[in-house]
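Below: one structure, written as structure tokens.
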Number of protein chains: 6
Amino acid sequence: MMHQQQVLISPLHLPVVSQEYLNKLRQKRVIALAMEYIKDDAGAFPLVRAMSEVAGVSAILIGAELLSSSRGYGILLGGISGVPPAKVVILGGGVVAEYAARAAMGLGAEVRIFDNNIYKLSRLKRLLGNSLYTSSINTPVLLEELLHCDIAIGAIHSKTGRTPMVCTEEMVARMKSGAVIIDVSIDQGGCFETSEITTHANPTIVKHDVIHYCVPNISSRYAKTASMAVSNILTPIFLKAESEGGIESLFDEHSGLRHGIYTYKGCLTNHYLGERFGIKSTDLELLIASRL
Amino acid sequence: MMHQQQVLISPLHLPVVSQEYLNKLRQKRVIALAMEYIKDDAGAFPLVRAMSEVAGVSAILIGAELLSSSRGYGILLGGISGVPPAKVVILGGGVVAEYAARAAMGLGAEVRIFDNNIYKLSRLKRLLGNSLYTSSINTPVLLEELLHCDIAIGAIHSKTGRTPMVCTEEMVARMKSGAVIIDVSIDQGGCFETSEITTHANPTIVKHDVIHYCVPNISSRYAKTASMAVSNILTPIFLKAESEGGIESLFDEHSGLRHGIYTYKGCLTNHYLGERFGIKSTDLELLIASRL
Amino acid sequence: MMHQQQVLISPLHLPVVSQEYLNKLRQKRVIALAMEYIKDDAGAFPLVRAMSEVAGVSAILIGAELLSSSRGYGILLGGISGVPPAKVVILGGGVVAEYAARAAMGLGAEVRIFDNNIYKLSRLKRLLGNSLYTSSINTPVLLEELLHCDIAIGAIHSKTGRTPMVCTEEMVARMKSGAVIIDVSIDQGGCFETSEITTHANPTIVKHDVIHYCVPNISSRYAKTASMAVSNILTPIFLKAESEGGIESLFDEHSGLRHGIYTYKGCLTNHYLGERFGIKSTDLELLIASRL
Amino acid sequence: MMHQQQVLISPLHLPVVSQEYLNKLRQKRVIALAMEYIKDDAGAFPLVRAMSEVAGVSAILIGAELLSSSRGYGILLGGISGVPPAKVVILGGGVVAEYAARAAMGLGAEVRIFDNNIYKLSRLKRLLGNSLYTSSINTPVLLEELLHCDIAIGAIHSKTGRTPMVCTEEMVARMKSGAVIIDVSIDQGGCFETSEITTHANPTIVKHDVIHYCVPNISSRYAKTASMAVSNILTPIFLKAESEGGIESLFDEHSGLRHGIYTYKGCLTNHYLGERFGIKSTDLELLIASRL
Amino acid sequence: MMHQQQVLISPLHLPVVSQEYLNKLRQKRVIALAMEYIKDDAGAFPLVRAMSEVAGVSAILIGAELLSSSRGYGILLGGISGVPPAKVVILGGGVVAEYAARAAMGLGAEVRIFDNNIYKLSRLKRLLGNSLYTSSINTPVLLEELLHCDIAIGAIHSKTGRTPMVCTEEMVARMKSGAVIIDVSIDQGGCFETSEITTHANPTIVKHDVIHYCVPNISSRYAKTASMAVSNILTPIFLKAESEGGIESLFDEHSGLRHGIYTYKGCLTNHYLGERFGIKSTDLELLIASRL
Amino acid sequence: MMHQQQVLISPLHLPVVSQEYLNKLRQKRVIALAMEYIKDDAGAFPLVRAMSEVAGVSAILIGAELLSSSRGYGILLGGISGVPPAKVVILGGGVVAEYAARAAMGLGAEVRIFDNNIYKLSRLKRLLGNSLYTSSINTPVLLEELLHCDIAIGAIHSKTGRTPMVCTEEMVARMKSGAVIIDVSIDQGGCFETSEITTHANPTIVKHDVIHYCVPNISSRYAKTASMAVSNILTPIFLKAESEGGIESLFDEHSGLRHGIYTYKGCLTNHYLGERFGIKSTDLELLIASRL
């Protein structure tokens, strides 16, 4: 998605980014923006939100497919009279969790949400109904629910690096045979000790008789919807850029947009990537200031 | 509630009716109607429905009270962020169950309904939401849910005498210590093997550390509401009686009203009561026909 | 699912039944019951209802999968802020339609239901919300909606043989490229002129750039859920049979159960199957009467 | 609504305010407050919110009336079994849009909401249901929906002057004959190129066969409700003024109240009005400071 | 709506039908069917249902309009924060009441429904929410609610002639000044003693300061919606007639259709109309039988 | 709940705290934290919120119990067909009010909420449905509703000391005989002039025939639920304390935790308690700074 010769706006999936990739961007003196680091005027990350909405619904649809007879033990998520609904355990209380819970409940499943942030839980109860099961992450309570669940979803987002590993291998080993884990948090390492990155080509692995789906960037499964969500966010930026003399001039005014830049005209400007790949990183603000 | 000298319309609580009572009615040649046997023009029992609505809500309110610290282990039915909701198991899928489920869900509890009639379960899912847990009465599934529940409600109505005893003493013995059983079906013997009739004065007994509430005619706890519901049904009858020359003339036209009569001018006309108390019963239709 | 030596209760999928199969049953003098023809005491078909519930939800899950990037054009059913929801057109207003609509709406899609029975439409509006789009099957209105839809579901059930073919090939040809047809009615011939029976192994065909899924008996995709629903219905029958001296004695009392029989001790008793396969059929009532 | 001799608190409808009016206020040395500019302690505009709630519901009621046979083509907004619901397109995602959408959905219509702010759209989905149609303002998508809609509502609020003109005359010309436009944004110029201010006496004009309702200050149609909403906001101010020595002393403490003042003892203090009417404006803070 | 030379299918509004009209039909030997008397195969009146749905929503929209400042005291039905919602009293618990209640609640008003049929009330609570206010028609309770209401709707349908007059003039006289009565039952005489038939040209009269809207056939206000609803019902009849050799041949098979006939080739066949207009009526079944 | 020798974290119920108690804490040089004064990182009071959720639901359950025949006039909160629902008036629009309203509505009662903050009312309408009755605290409107209510709940929280006394004795005197007041605000003095602190042993007093329940700290009635809510908040603190070298070291980093301290190693550090009990208070920040 090259806007001009030298500006690249694209997702930056941490698990797949490589040193070579970063070096090429620097050699070509590209200004590269990671869509997921762009902030809006309110300081929030609009793209992360949109992709989280898609990911949450996707996780349930994938789980439903993996429970069907063609793959799993032939359980429908719910809603059938006289047949107890399937149980879905969701780790995390953010946007992924909200949309996963909505979709699961919409299909008639029974949902349990675990998070340690009481405000997130309280918000979810408001949105999804007062009898929603919410709990703080209390290991014995969580284990009890994992033992009986059909789908477990990892949806914890860490602001500062690696997702906390909430479910040990021992806990996974005690889950029902044929149950499904969808670890949406796999981009940040995952919430389950048994999670390992998989691919769209071979999306699942089985451990302890539990099917694991750990494809990073799960929302790409609904590429058109995802790209419409992306374009909802980028289009106003491009329109502004056009009317205000190029995208570079936007950088001066919009610190949220600057926040997305990780290579700038030959320099790596993202401290975290620098550390990870052993490349010296430069402060973007200095670079831009020096340009003036 | 004597309408004229010789007509009595009142509830007839089977568990408390006595031979003496019936004999007195016969000696006084009273025409006695059991409100719960009166049918409306559609062949349904309006009073039973109304009392069942009241009983269902009452059962949950009593359960909530018995779980409070003043009596029980201090659990609120639900709705609190981060605290898993209380679990309510309901045996039966009729009107009592519907209203108990509604009230429990309204307070934020998690409800499981067990019945063998798939149409009743399907109807409840429609009324109460598609993700309502319904199950046929499958003993292992029921036991699993009883083990974890905070309140168990007996709400099975038998058309032909005694409620099926769905929960054995052994199952009750495995329930949580401090859990509560409200056996609304106690009027017909109860759904729990451990149920014994109790009174408004001493409403609970404890067996296997489980609190049992087995007061018959539970709806009398909300006497004014119950009597308004009764008067909604009887008032049109009385108004008609007035305008059509006395209540007796109504009997000729309304077979549903006749269906409520159990003593008629000295005769016992209810076959079931006759068998139970060893009194000869006479066919009402013959009596009325002979009067003409 | 042989109950005794000579009694077979199983689904009878019309599209796959063969003359050989029927002849074998007759040679072995089996009493064969088609589960989908068993009536309950209220004259309704409990198994058809249960399988319809499963089929309705399945149809939406399959449609969602076929719209994903791995198969289709990468559209998520709905719920994403700022991205218009996918459109689902449902032909028919019965139980399959109800459960498909529920699942689609639960996932955030926009649903249109077409049926000529105003009471069914009115019932669906009550169940699914007053702003549900319902329409009589008016060709221009239907065409307009088909042109814009992402998933079209055939869910018309014919009581008397073949489903009416509501969508012509010309209409299908004008649908969006990449759209999906799930023809649940395929067991009865289908509602789309372009429908052809497919299999679980090769479930889809593409015509006019529209993906068709026409696997009969769609509910078998959730085999465990379906079998639990079946056992909810059959278990009480078996229990009764056991306590009342064998399943044959049940036939005398339960005309609904008799209604399911299609071969009886060497005779074909289903008139429709007789006509179709050129086998002489005998009236069951006569056979049973003659037995006494 | 004169509180004391010299203080006027009233709505200031920009489209109707005149130079004469401002001059009179200055000659009489009135302290004039525009209710819509008063801020509460949280920096929000409580009166604008209240009037927006009223305006949103009003817009739908007016639209419904204009679609009735007495004025328009005789379409009911929705809810009738078998008759597709009317379509309502709403431009904007704020409070007016929320209340218009609520009312339209409450009457059974199908609603589409267009806004470029993804957080507003996400919030509306949460409030009004997950299958609400929301879209960014994408001209082809919008045009498609306008072509089929029965009511289009302009509900975009501009913080800085004129509403963006989202619908061109060409788009309006392609709308259905007899469709209705309610341009609530008319106070700020309107969202439709064809909008022109109308009056309560002659509230509609017809262009391209589309009925336009463009009466400014639409909430005055429900005067009593609007005035109760106003008094909910002003009463606490007056009560405070009384107990704290007159309204002027309130100005010192409450910057939100000061924010409403546009003439102060002979001076125009609102910069925008000054520019518009060519009157010199003075900074209020200086005036008040100098008074001390 | 002449199908063939001699068959007329149209609504028959009892309040406006005249002897002249009937005589003309007889002279022209028309077979005239009253749409509202046509029964479907289930014995229900599909047209009455459809028109009742329209009438219920219409009543609320008209009430809302009459409460606006242009006509009434300027009250919005509801939904505004901090302003108590308007109160709507509905007499009757059928389809008109259901749709009026739905629309009123959709707009945020507070609804009270009065009916003596407890099953209708119970059904409405299920459909519209458990906290819906329902009451039997108890004069003191009704009076109390009428005193405080903003809109009162007469929606009682009598199967056998005249609507019961539930509200006396004295009760109306005590209603709020400026309140609105919409008497949908006016076609059958009305539920309010003060009701008098009005016309679309002059739709309201004022008595005791209460605005009365008593236009018969209220659904004609949404003519296109009403005619779509009608055509949903008639189209299948016409299609059948076409394929089965003319509409007359349909009469032989469909007793529900015959039920709609009131003049048949020169004879009046509706007993009630005969009595009212002093015309001899002939039994239709005899006429048709004699034709064969 | 002593964490270490010298640290006490417990609720500090203002109405029951005594000078002796404070002196003992000082003598023992305890660091005492009031749980209700601990702030989280967002500056909110998590424990107050959790206890308010419990208190809101509790208030309705207690009210329901006091209305039952065993205590009061035998009214069920609601939901019974044909019996008008009970009326609940709630003073205040915060978390207690929200949860009380939710529970009351869940049981089928009719709720009226009074508050002067229009944003709180608007928020409650969003959460609890658009037809929720909300009103600013307008004395005549409030009186009218109090006259007809069955339960009145005081749920106003004052940030700065005493709850405003919204209901005078005269207003209480005009309430229905047998009505119930639950004054949750009693900890801060109560909203009703007639409120007096009661105890769990003797929880009610009767004044003017109105039953008053004024037990402070109402949430202790559901002790286990309350303690789970507390532990949800404290557990992360303790875990952190453990891993970071004792709870005292946490004080340095977490100003929200410091905010809860009222005695610190011999000193009273809460200014308000100092004034009330005539004890000199010391600034905590100084004490901690001096320690370093």
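Residue numbers start from 1 in every chain, and the chains themselves are labelled A, B, ... in the order their sequence lines are given, proteins ahead of strands.
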Sub-4.5 Å side-chain heavy-atom contact between [X] and [Y]:
X      : Y      : value
F:I60  : F:I153 : yes
F:M35  : F:M51  : no
B:L61  : F:L77  : no
B:I197 : B:C214 : no
B:H259 : B:F45  : yes
F:V111 : F:I90  : yes

Among [options], single out the residue with the greatest number of heavy-atom pairs under 4.5 Å to chain F.
options                     : answer
B:G108, B:G106, B:S58       : B:G106
B:E65, B:M228, B:R49        : B:E65
B:V54, B:L67, B:I62, B:T225 : B:T225

Chain B contact via F:R102 - which portion, at a heavy-atom distance below 4.5 Å: backbone
Interface moiety of F:S220 toward chain B, non-hydrogen atoms closer than 4.5 Å: backbone
Which of F:A229, F:S81, F:S70 touches chain B most, by non-hydrogen pairs under 4.5 Å: F:S81
Winner by heavy-atom pair count (cut-off under 4.5 Å) against chain B, out of F:A64, F:A50, F:G78: F:A64
